[in-house]
Amino acid sequence: MELLQGLETRYSSPKLTEPGPDATQMQHLLKAAIRAPDHGLLRPWRFITVTGEDRNKLGEVFVQARQRNQPDCNEIQLERCRQIPMRAPTLMIVVANPKPHPKVPEAEQIQSTAAAAYGILMAAYAQQLGAIWRTGWVVHDSHVRSSLGISLSEQIIAIIYLGTPLGQAIARPHLDAASLMTNWP
Ligand SMILES: Cc1cc2nc3c(=O)[nH]c(=O)nc-3n(C[C@H](O)[C@H](O)[C@H](O)COP(=O)(O)O)c2cc1C
């Protein structure tokens, strides 16, 4: 796929199935991620993958987190939490790992991590993989964070779900790009 064509047409795939990315495809995802613009070359990102049976363990962590937050929640709600990681064969958790720096504020390092997440989405699209960037309450939850080994100075920026797209892409409403740009002065 041509780079420009990919950039201009990328879309998310909310429904994903097996197979997930293979080892070579994963390498490309990571290589694309670490080309993110990185002020000061601080490498303020890291990536955690969850695949196969380990998704069930993550599902149990989500269940525990929900029970801690809402002790009276019902089995249907818990089952929904259990199933979150099963939405795709592979999850890539994108973590901002900002470093103290006199010239590069934390916000820039988080922005760099978001750019890394976008690199993963683009590299997935380029390899005909389906992908979607999700967040939700789980990325802020203290039990989920500690279970994943996220330190207090870190933030989960994205959980990218990866696999083989199922069904049609959701059509995006047409957006007139030129209408978003003005000349100054
Ligand atoms: C920071 C961030 C967080 C997001 N979190 C979610 C989410 O939790 N659930 C969800 O369905 N989509 C989420 N999205 C949106 C999807 O990734 C996707 O962009 C959206 O469904 C539009 O699809 P498109 O990328 O094909 O335009 C998030 C996007 C961003 C940038």
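We count ligands from 1, going down the list as the structure has it; atoms in each ligand are counted the same way.
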> Do Glu106 and Lys99 meet the salt-bridge criterion of a basic N to acidic O distance under 4.0 Å?
Replying inline: no
Can you report which non-hydrogen protein atom sits closest to [atom], along with the distance?
atom	result
atom 11 (O) of ligand 1	Arg134 NH1, 2.9 Å
atom 28 (C) of ligand 1	Trp133 O, 3.4 Å
atom 5 (N) of ligand 1	Thr135 OG1, 3.0 Å
atom 21 (O) of ligand 1	Ile132 CD1, 4.2 Å

Give the atoms of ligand 1, by number and element, whose distance to some non-hydrogen atom of [X] is under 4.0 Å.
X	answer
Tyr11	26 (O)
Gly136	8 (O)
Arg172	24 (P), 25 (O), 27 (O)
Ser12	18 (C), 19 (O), 23 (O), 24 (P), 25 (O), 26 (O)

> Are Arg172 and Tyr11 in a cation-pi contact, defined as NZ or CZ under 6.0 Å from the six-membered ring centre and within 45° of the axis?
Replying inline: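 No, Arg172 does not lie over the aromatic ring of Tyr11.
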>> For His143 versus Val61, what's the shortest heavy-atom pair and its separation?
In response: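 Result for this residue pair: CD2-O, 3.5 Å.
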>> If hydrophobic clusters are built by linking Ile, Leu, Val, Met, Phe, Trp and Tyr wherever their side-chain heavy atoms come under 4.5 Å apart, do Leu162 and Val50 end up in the same one?
In response: no
>> Name the residue from Arg82, Arg80, Arg66 that meets the salt bridge (Lys or Arg N to Asp or Glu O under 4.0 Å) definition with Glu75.
In response: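 So, applying the salt bridge (Lys or Arg N to Asp or Glu O under 4.0 Å) to Glu75 and each of Arg82, Arg80, Arg66, only Arg82 qualifies.
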> With respect to Phe47, which candidate in Ile160, Leu29, Ile120 satisfies the side chain to side chain contact (heavy atoms under 4.5 Å, CB included) definition?
Replying inline: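 Considering Ile160, Leu29, Ile120, a side chain to side chain contact (heavy atoms under 4.5 Å, CB included) with Phe47 is found only for Ile120.
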